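Just so it is clear, the model here is predicted, and its values are computed rather than measured. Residues: numbered from 1 along the sequence shown.
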Amino acid sequence: MATFATVQDYLASLPESQRHIADKLLPLIEEVLPGAGALWHGHPVWSLGAAPGKSPVCHLKAYSSYLTFGFWRGQEITDPSGRLEPGARAMASVKLHDLGDVEAALFTTWLRLARGLEEQDSGGPLVVSAADPAK
């Protein structure tokens, strides 16, 4: 397995179709979690803690035919779209096969809710609700 020094190195290594998906997704993540991305266990993870993987919020991981965009506490996110698929522990994720799978407003809402869950646990403010995704 290849190892990468940065999130950008990881993304640059992706096949072109997956790179396009990541290029559409990354600005959404950076808007909600600016500067919080790092490599952890070989793939990009955005965390609120002082080190990668401390208070993790979301991750992006490449597979042969899709990217997974996942949330550590995704099963706690209200998802009326039904797109988040439950995973291990409290995780949930969505598989992204093409650019059309990236829904900016929906994903930004998920990101804000996931960040709010981590902030709440760390004693910070819960800054968003599903009813008010613009915050």
Side-chain angles (χ1 to χ4, degrees):
M1 178 192 337
T3 58
F4 306 98
T6 67
V7 170
Q8 291 303 328
D9 290 344
Y10 180 94
L11 299 178
S13 77
L14 298 175
E16 185 176 1
S17 62
Q18 290 183 349
R19 245 189 348 265
H20 291 308
I21 295 167
D23 288 345
K24 188 173 179 180
L25 184 58
L26 192 59
L28 304 177
I29 297 170
E30 286 294 326
E31 177 185 327
V32 177
L33 298 161
L39 293 177
W40 190 49
H41 294 287
H43 60 275
V45 172
W46 286 263
S47 305
L48 296 182
K54 300 294 181 190
S55 299
V57 176
C58 67
H59 73 276
L60 189 62
K61 188 170 182 179
Y63 291 90
S64 60
S65 62
Y66 60 90
L67 291 178
T68 293
F69 178 43
F71 298 91
W72 261 260
R73 296 178 62 182
Q75 292 181 39
E76 296 177 55
I77 295 172
T78 301
D79 177 30
S81 74
R83 291 193 56 200
L84 280 175
E85 298 176 12
R89 296 177 291 280
M91 296 181 83
S93 63
V94 61
K95 293 177 182 174
L96 307 172
H97 297 275
D98 58 52
L99 281 172
D101 290 337
V102 178
E103 295 181 53
L106 176 63
F107 288 16
T108 299
T109 297
W110 289 347
L111 283 159
R112 288 188 171 127
L113 290 169
R115 180 185 176 125
L117 288 167
E118 286 304 321
E119 287 175 335
Q120 184 178 33
D121 275 1
S122 67
L126 182 60
V127 295
V128 69
S129 73
D132 190 8
K135 280 193 173 181

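Atoms CG and OG, from Asp98 and Ser17 in turn, are 9.0 Å apart once rounded to the nearest 0.5 Å. Put simply, CG on Leu14 and CD1 on Ile21 are 9.0 Å apart, with the number rounded to the nearest 0.5 Å. With rounding to the nearest 0.5 angstrom, the OH atom of Tyr66 is 10.5 Å from the CG atom of Leu96. The line from CE of Met91 to SG of Cys58 is 10.0 Å long, rounded to the nearest 0.5 Å.
Taking the six-membered ring where the residue is Trp, the centroids of Trp40 and His59 are separated by 6.0 Å or more.
Under the side-chain hydrogen bond (donor to acceptor under 3.5 Å, both in side chains) criterion, Gln75 pairs with no residue, sequence neighbours left out. In terms of the side-chain hydrogen bond (donor to acceptor under 3.5 Å, both in side chains) criterion, Gln8 has no residue partners (sequence neighbours excluded). Take Glu76 and apply the salt bridge (charged side-chain N to carboxylate O under 4.0 Å, His left out) test, not counting sequence neighbours, and it matches Arg73. Asp9 pairs by the side-chain hydrogen bond (donor to acceptor under 3.5 Å, both in side chains) definition with Thr6, not counting sequence neighbours.
Between the Thr108 side chain and the Ala105 main chain, no donor and acceptor come within less than 3.5 Å of each other.
Within the structure, the side chain to side chain donor-acceptor pair (under 3.5 Å) test picks out the following pairs touching residues 80-96 (sequence neighbours left out): Asp79-Ser81, Arg83-Glu103.
Classified by interplanar angle (parallel below 30°, tilted 30° to 60°, perpendicular above 60°), the ring pair Trp110/Phe71 is perpendicular.
Residue Ala22 comes nearest to Leu11 through the heavy atom pair CB-CD2, 3.8 Å, listed as atom of the first residue, atom of the second, then distance.
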For residues 25-33, tabulate all N or O donor-acceptor pairs below 3.5 Å that involve a side-chain atom, not counting sequence neighbours.
unit_1 : atom_1 : unit_2 : atom_2 : d
Glu30  : OE1    : Gly35  : N      : 2.9
Glu30  : OE2    : Trp46  : NE1    : 3.2
Glu31  : OE2    : Arg112 : NH2    : 2.7

